[in-house]
2 protein chains.
Amino acid sequence: MVRWEPGARERLQKAALELYAARGFEQTTAADIAESVGLSERTFFRHFADKREVIFNGQALFEQAFVDGISSASPGSPALDVVAAALEAAGSFFPDERRGYSRLRQSIIVANPSLHERELLKMTALSTRIAAGLREHGIPEPQATLAAQSGATVFHVAFGQWIAEGETRSLPEIEREILGELRSVTQESA
Amino acid sequence: MVRWEPGARERLQKAALELYAARGFEQTTAADIAESVGLSERTFFRHFADKREVIFNGQALFEQAFVDGISSASPGSPALDVVAAALEAAGSFFPDERRGYSRLRQSIIVANPSLHERELLKMTALSTRIAAGLREHGIPEPQATLAAQSGATVFHVAFGQWIAEGETRSLPEIEREILGELRSVTQESA
């Protein structure tokens, strides 16, 4: 019998993160997660391929937000302005209501070396995807790769500040500040 | 009997890369490598912890070249000028005689997903190491991370051009050009 449980996916995801944070990722099984919200292990595997996917399932949507931001920029804009548009779009993907979730997720990732490696590789994949988007938007190499990597770095640094304890600014606001810092860093010169 | 074989390490390394390129990394054993140069498997493991280490054993020296370059920059220099000094030092780590070796090594890495992941993680580690070096040199955050990541990106793009078929410019020469491109990309703006 395959029954659809309304809201099951969200309940499983929330329960998974709480258990990973409390017990550790390695020590938590799919059965533990399902059981904690009164569902079966089989239901868990109808929603997620494995334990790790609960943590990384938003990646495709997240990359798409960047790509949509690139498409929204006027053709012919300077590369870093296109990246700024991509950062705005990606920043809106993380409204303030998501900050607590993102903070919990990050604490789980940094506590587990294999999840941390996975996260770093996802950042690399993001940069590759942004570079492809910039080339499609008419920006040649090596400018596309340089601007894409800069955008991924700005996002990474801004995101780290956004989830820091006590931070109240929005992610797009922090991204704009860090992008400004990047411009200063690369403009000062002897 | 433990006997020191003069030049064994270099012979093993050269033979390993040739076999990885010819047969594939997964299909080559430590015994195959040792045998191809008339040495024992035991000798192989006196020089390398495993098959993968033959490919990645230069990482510590390579990172040190960047760090030495940072130390050579005048204190108080703008962050990107310190990075430029680090790139010069790292570029000299790859003289033209090494281009053929580097090209062969890269072809093996891109052909194997797990080696490719390892290489990407090493690039991330490099960026973290450069950021630490910049902070020690008096550059605060977030400038240190932004400049470090920019330096790692410039190195990565320049290295890709340096090992391209038919390329004749030196690595430091290409690095200077790409660093200039990065400055242009981050300076143009609407």
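All chains are named by letter (A, B, ...) in the order of the sequence lines, taking the proteins before the strands, and each is independently numbered beginning at 1.
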| request: Report the distance from atom CG of L120(A) to atom CE of M123(B), rounding to the nearest 0.5 Å. | output: 13.0 Å

| task | Answer yes if L121(A) and L115(B) sit in the same cluster of Ile, Leu, Val, Met, Phe, Trp and Tyr residues linked by side chain heavy atoms under 4.5 Å apart, and no otherwise. | result | no

| Would I33(A) and L17(A) show up in the same hydrophobic cluster when neighbours are defined by side-chain heavy atoms closer than 4.5 Å? | yes

| task | Identify which part of S150(A) has an atom lying under 4.5 Å from any heavy atom of chain B, answering side chain, backbone, both or neither. | result | side chain

| request: Might you confirm whether atom CD of Q64(A) has over 12 heavy atoms from other residues, nucleotides or ligands at distances under 6.0 Å? | output: yes

| request: Supply the atom-to-atom distance L182(A) CG to L182(B) CG, rounded to the nearest 0.5 angstrom. | output: 7.0 Å

| Between NE2 of H156(B) and OG1 of T145(A), what distance do you get to the nearest 0.5 Å? | 8.0 Å

| If Ile, Leu, Val, Met, Phe, Trp and Tyr residues are connected whenever their side-chain heavy atoms lie under 4.5 Å apart, and connections chain through other members, are I139(A) and V67(A) in the same group? | no

| query | What parts of residues 87-110 of chain B touch chain A if we use heavy atoms and a cut-off under 4.5 Å? | reply | none

| Sub-4.5 Å side-chain heavy-atom contact between E181(B) and E141(A) | no

| field | Partner of L146(A) under side-chain contact (heavy atoms from CB on, under 4.5 Å), chosen from T153(B), L179(B), T186(B) | value | T153(B)

| Contact part of T124(B) toward chain A, heavy-atom cut-off under 4.5 Å: side chain, backbone, both or neither? | side chain

